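Input: a single structure, listed below in structure tokens.
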Amino acid sequence: MDRIMEHRSKPTVESIGFSEDRLKDAYGRMDMENHPWARHASKEIESLESLCSTFIGKRIMDAGCGRGRHSLSIAKKYPSSSILGVDYSEANISSALSKKDGLTNVEFEVSDLRDYRPDRTFDIVLCLYDVIGSFPDDSDNEAIVETLASCCEVGGDEAPGDR
């Protein structure tokens, strides 16, 4: 009986073995376009804007942008804003770039937010869903928070994400 219980115990990160390649692969395989929660970017942008006052004319970073649905929604709705979407999945950034449809106010970069240091700061830094907390080691997640803080313009808006 003890052996049966032993096998039913919940797997841990140590027993499975964390792999960044597996994490990237998992995010790259997610069907974002057809996922029920992924269809509401414009409504989410409206909610975020109520927290940030306005996106008009702002420099915005979408940290962990995935396939760019929020970045692209903001770029379409606010042509005077400039948006940078950053994600560490090449597949996600490739998908985002394919959807730009001539938008000139949005850029996308492949980068790891744990050690990302852009050459500019932003008025608004968005970090939505599970960007913070995706790594089992707290120091990795803390490094992402430090990066986001360093990207904020002093006096800029911070939209709550993974609180």
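Please read all numbers here as calculations on a predicted model, not as lab measurements.
For V145, the side-chain contact (heavy atoms from CB on, under 4.5 Å) partners two or more places apart in sequence, or in a different chain, are I132. Listed by chain and residue number, E153 satisfy the side chain to side chain donor-acceptor pair (under 3.5 Å) test with T121 (two or more places apart in sequence, or in another chain). Applying the salt bridge (Lys or Arg N to Asp or Glu O under 4.0 Å) test to E142 and every residue at least two apart in sequence or in another chain returns nothing. Residues passing the side-chain contact (heavy atoms from CB on, under 4.5 Å) test with D137, sequence neighbours excluded: S139, D140. With sequence neighbours excluded, the residues satisfying ring pair (Phe, Tyr, Trp, His ring centres under 6.0 Å) with Y78 are F55. Legend: residues meeting side-chain contact (heavy atoms from CB on, under 4.5 Å) with P118, ordered by chain and number and at least two apart, are Y116, F122, C151. Qualifying salt bridge (Lys or Arg N to Asp or Glu O under 4.0 Å) partners for R120, counting only residues two or more places apart in sequence or in other chains: E107. Checked against side-chain contact (heavy atoms from CB on, under 4.5 Å), E146 has no partners two or more places apart in sequence or in another chain. For S111, there are no side chain to side chain donor-acceptor pair (under 3.5 Å) partners two or more places apart in sequence or in a different chain. Not counting sequence neighbours, T104 has no partner by the side chain to side chain donor-acceptor pair (under 3.5 Å) test.
The main-chain N or O of R69 is found under 3.5 Å from a side-chain atom of S73 such that the two form a donor-acceptor pair. Formation of a donor-acceptor pair under 3.5 Å by the S95 side chain with backbone atoms of R67 is not found in this model. Of the possible polar contacts, one joining the N105 side chain to the S81 backbone as a donor-acceptor pair under 3.5 Å is found.
Taken to the nearest 0.5 Å, the NE2 atom of H70 stands 5.0 Å off from the CG atom of L128. Rounding to the nearest 0.5 angstrom, the gap separating the CD1 atom in I83 from the CE atom in M61 is 13.0 Å. In this structure, CG in L97 is found 9.0 Å from CG in L72, a value given to the nearest 0.5 Å.
Residues I93 and E109 are not in side-chain contact: their nearest non-hydrogen atoms beyond the backbone lie 4.5 Å or more apart.
Taking every heavy atom of both residues into account, S80 and I56 meet most closely at OG-CG2, 3.7 Å. Taking each heavy atom of V125 and C152 in turn, the nearest pair found is CG2-SG, 3.7 Å. Looking at every heavy atom in both residues, R114 comes nearest to A143 through O-CB, 3.6 Å. T147 approaches R117 most closely through the heavy-atom pair OG1-NH1, 2.8 Å. Residues G57 and D123 approach most closely at O-OD2, 4.5 Å, considering heavy atoms. The two residues C65 and S71 make their nearest non-hydrogen contact at CB-OG, 4.0 Å.
For the side-chain contact (heavy atoms from CB on, under 4.5 Å) with I74, the lone residue among V106, D62, I60 that qualifies is I60.
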